[in-house]
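What follows is a short report on a single structure.
In what follows, chains are A, B, ... by sequence order, proteins preceding strands, each numbered from 1. In what follows, every heavy atom counts, from backbone to side chain, and hydrogens, waters and symmetry copies are set aside.
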There are 2 protein chains.
Amino acid sequence: MPGQAPPTVTGYALLGLLSLRGEMSGYGLKKLADRTLRFFWVAPAMSHVYSELTRLSRAGLVTESLTQRGGRRLRRYSLSAAGDLELRRWLGEGEVDFPILKHEVALRLFLGHVTGPDRPRHLLARYRGQLRARSEELEAIRRSLEDDPRFRYAAMVAEWGIRYYLEEQQAVAHISNQLDPDRGPT
Amino acid sequence: MPGQAPPTVTGYALLGLLSLRGEMSGYGLKKLADRTLRFFWVAPAMSHVYSELTRLSRAGLVTESLTQRGGRRLRRYSLSAAGDLELRRWLGEGEVDFPILKHEVALRLFLGHVTGPDRPRHLLARYRGQLRARSEELEAIRRSLEDDPRFRYAAMVAEWGIRYYLEEQQAVAHISNQLDPDRGPT
DNA sequence: TGTAGCATGTAAGCCGTTACATGATTGA
DNA sequence: TCAATCATGTAACGGCTTACATGCTACA
């Protein structure tokens, strides 16, 4: 069977979540992704999780177990031996892209010459609030990860994120100062 | 003419570049994007720039001027009055998404329980080198922006980026320490 | 009794990519 | 004269999204 396309990065990320938690439903996987992957990769849409899981299953990297509970069919996925191997292979292998940032706030600051300083100033203020909210969210998650050695690496990534959000708040404060009306540009 | 889809964010970004620099070729726009947008939005593929420009042109937001120079046709684009208006409208309007980060290094650290600490440690070291290179690149760009009030906002974004790369280097150092063999996890 | 959460999917389409194709100009 | 850079596109396709469709279960 030639032309089996390798999984996408998101596919591997899902394999990784399964390796962390064991058997899960697509729905559960989505919720877990929202608590983890979302902060440094993507928050995949529900439908995307399902289609990705279908592909992984066809490739033999996850196994499905279909159960009936009441009137509801429940499909649980877990990492197959082949999936575990393939995940390890991918993790050990070469090319890792430099991170990509899609930062609309920065884009709008960049275009400040069109709007004048008021608009970026306002957006920066809002962004700061969002950063605070995100910080708290992520800190709650990090606390929930504490003291379980299995989640040690997850906790490190969470701390990295918290640190980033903090620094970002300071950067925003600094820029807002520069945009201050007193010392302000046109 | 109903059903004219509004430009994408990247479309607006290109309008913004035109507003900053005036008349440019698709090729020139791509090069400019690589020195600016790349750091906080995307580095659009050459072909993407052209197709986006075609759409903007059809929507009347940019005007084309086709000239012949030797055996080569040169198509230059500039912001139309409608484009300028639409750009201002968009910049002034609501919803700005929270930044999205696609961070493969973080993903691989997150999955450290699969590989053990050596692999993330190695990737982190490489990442640090890339961060240094990027820092220098961006610092050169920022210097090229100095002392021109038109580029004031662009310079602020460049400084923001430099600051981010610096903080990221420190974070990486911190994490690498935690992964140190002496105090190391399994 | 109603609603929030659990649960599983299909269809259509957009944004952006890589691969392919072509050729002129500048300067070492 | 050769390579790098300038310059303009088309075709195919991939990853991910939104909108749509359906229905069970727990609990207030």
Side-chain angles (χ1 to χ4, degrees), chain A residues 3-15 23-35 37-38 41-59 62 64-77 95 97-98 100-102 104 107, chain B residues 3-15 23-35 37-38 41-59 62 64-77 95 97-98 100-102 104 107:
Chain A
Q4 264 281 38
T8 63
V9 176
T10 300
Y12 285 112
L14 293 180
L15 292 181
E23 200 176 49
M24 296 186 76
S25 69
Y27 186 90
L29 222 32
K30 157 68 174 163
K31 278 206 325 181
L32 182 55
D34 282 345
R35 300 183 70 239
L37 295 187
R38 173 161 68 102
W41 187 246
V42 265
M46 199 60 254
S47 66
H48 187 206
V49 172
Y50 283 116
S51 57
E52 202 66 57
L53 246 13
T54 303
R55 295 185 70 238
L56 293 171
S57 176
R58 274 206 259 271
V62 300
E64 301 177 19
S65 82
L66 190 58
T67 58
Q68 205 78 16
R69 233 174 83 84
R72 176 202 277 169
R73 87 210 124 117
L74 231 177
R75 202 185 292 272
R76 286 181 204 286
Y77 299 87
E95 293 323 287
D97 285 341
F98 193 84
I100 290 172
L101 195 55
K102 303 200 80 175
E104 287 202 35
L107 174 58
Chain B
Q4 265 281 38
T8 64
V9 176
T10 299
Y12 285 112
L14 293 180
L15 292 181
E23 199 176 49
M24 296 186 77
S25 69
Y27 185 89
L29 222 33
K30 157 67 175 164
K31 279 206 325 181
L32 182 55
D34 282 344
R35 300 183 70 241
L37 294 188
R38 174 162 66 103
W41 187 246
V42 265
M46 199 61 254
S47 65
H48 188 207
V49 172
Y50 283 117
S51 58
E52 202 66 58
L53 244 15
T54 304
R55 294 185 69 237
L56 292 170
S57 176
R58 272 206 259 273
V62 299
E64 300 177 20
S65 82
L66 191 56
T67 59
Q68 204 77 16
R69 235 174 80 85
R72 176 201 276 167
R73 87 210 123 116
L74 231 177
R75 203 185 291 274
R76 284 181 204 287
Y77 298 86
E95 291 324 287
D97 285 341
F98 192 84
I100 289 172
L101 195 55
K102 303 200 83 176
E104 287 201 34
L107 173 58

Write out a two-atom table: protein N or O, nucleotide N or O from nucleotides 3-7 of chain D, distance below 3.5 Å.
{"residue": "D:dC6", "atom": "OP1", "partner": "B:Lys31", "partner atom": "NZ", "Å": "3.2"}
{"residue": "D:dC6", "atom": "OP2", "partner": "B:Tyr27", "partner atom": "OH", "Å": "2.6"}
{"residue": "D:dC6", "atom": "O2", "partner": "B:Arg72", "partner atom": "NH2", "Å": "3.1"}

Note to self: Would the distance check show the side chain of B:Lys30 and the main-chain N or O of B:Ala45 forming a donor-acceptor pair, the cut-off being under 3.5 Å?
What the structure shows: no
Checklist line | Rounded interatomic separation in angstrom, taking CG from A:Leu29 and C1' from C:dG9 | finding: 15 Å
Check: CD/A:Glu104 to CG/B:Asp97 distance, rounded to the nearest 0.5 angstrom?
Finding: 5.0 Å
Notebook entry, point to check: For the helix from C:dT1-D:dA28 to C:dA28-D:dT1, what angle lies between the axis at the first five pairs and the axis at the last five pairs, to 10 degrees?
Noted result: 40°
Notebook entry, point to check: Which value, rounded to the nearest 0.5 Å, describes the distance between A:Leu56 atom CG and A:Leu15 atom CG?
Noted result: 5.0 Å
Item checked: Short side-chain N/O contact to C:dA19 OP1/OP2 from B:Ser47, under 4.0 Å -> no
Next item on the list: Considering just the side-chain nitrogens and oxygens of B:Thr54, establish if one lies under 4.0 Å of OP1 or OP2 belonging to D:dG9.
Entry: no
Margin query: Just the rounded figure in Å: distance from C1' of D:dT8 to CD of B:Gln68.
Written below: 12 Å
Next item on the list: Would you please test B:Thr8 and B:Arg55 for side-chain contact (heavy atoms from CB on, under 4.5 Å) and show each step?
Entry: CA-CA 10 Å; B:Thr8 64; B:Arg55 294 185 69 237; 4.2 Å; yes
Notebook entry, point to check: Tell me: CG of B:Leu53 to P of C:dG16, nearest whole Å?
Noted result: 14 Å
Next item on the list: Compare all side-chain heavy atoms of A:Met24 with those of A:Tyr77 and state whether any distance is below 4.5 angstrom.
Entry: no
Margin query: What's A:Lys102 touching, base or sugar-phosphate or nothing? Going by heavy atoms closer than 4.0 Å.
Written below: sugar-phosphate
Check: Expressed in angstrom and rounded to an integer, what is the separation of A:Tyr12 atom OH from D:dG15 atom C1'?
Finding: 15 Å
Margin query: I need the CE-P distance between B:Met24 and D:dT8, as an integer number of Å.
Written below: 11 Å
Notebook entry, point to check: A:Leu107 versus B:Leu37: any side-chain heavy-atom pair under 4.5 Å?
Noted result: yes
Notebook entry, point to check: Do A:Thr10 and A:Glu52 have side-chain N/O donor and acceptor atoms under 3.5 Å apart?
Noted result: no
Next item on the list: Using modelled atom types only, decide if a donor and an acceptor are shared between the side chain of B:Ser57 and the backbone of B:Leu53 within a distance under 3.5 Å.
Entry: no
Checklist line | Side-chain heavy atoms of A:Trp41 within contact of B:Lys102, under 4.5 Å | finding: yes
Notebook entry, point to check: Roughly how many Å is it from CE in A:Met46 to C1' in C:dG9, rounded to a whole number?
Noted result: 9 Å
Next item on the list: Can you tell me the distance, in whole Å, between the CD1 atom of A:Ile100 and the C1' atom of D:dG15?
Entry: 13 Å
Note to self: Just the rounded figure in Å: distance from P of D:dG15 to CG of A:Leu37.
What the structure shows: 16 Å
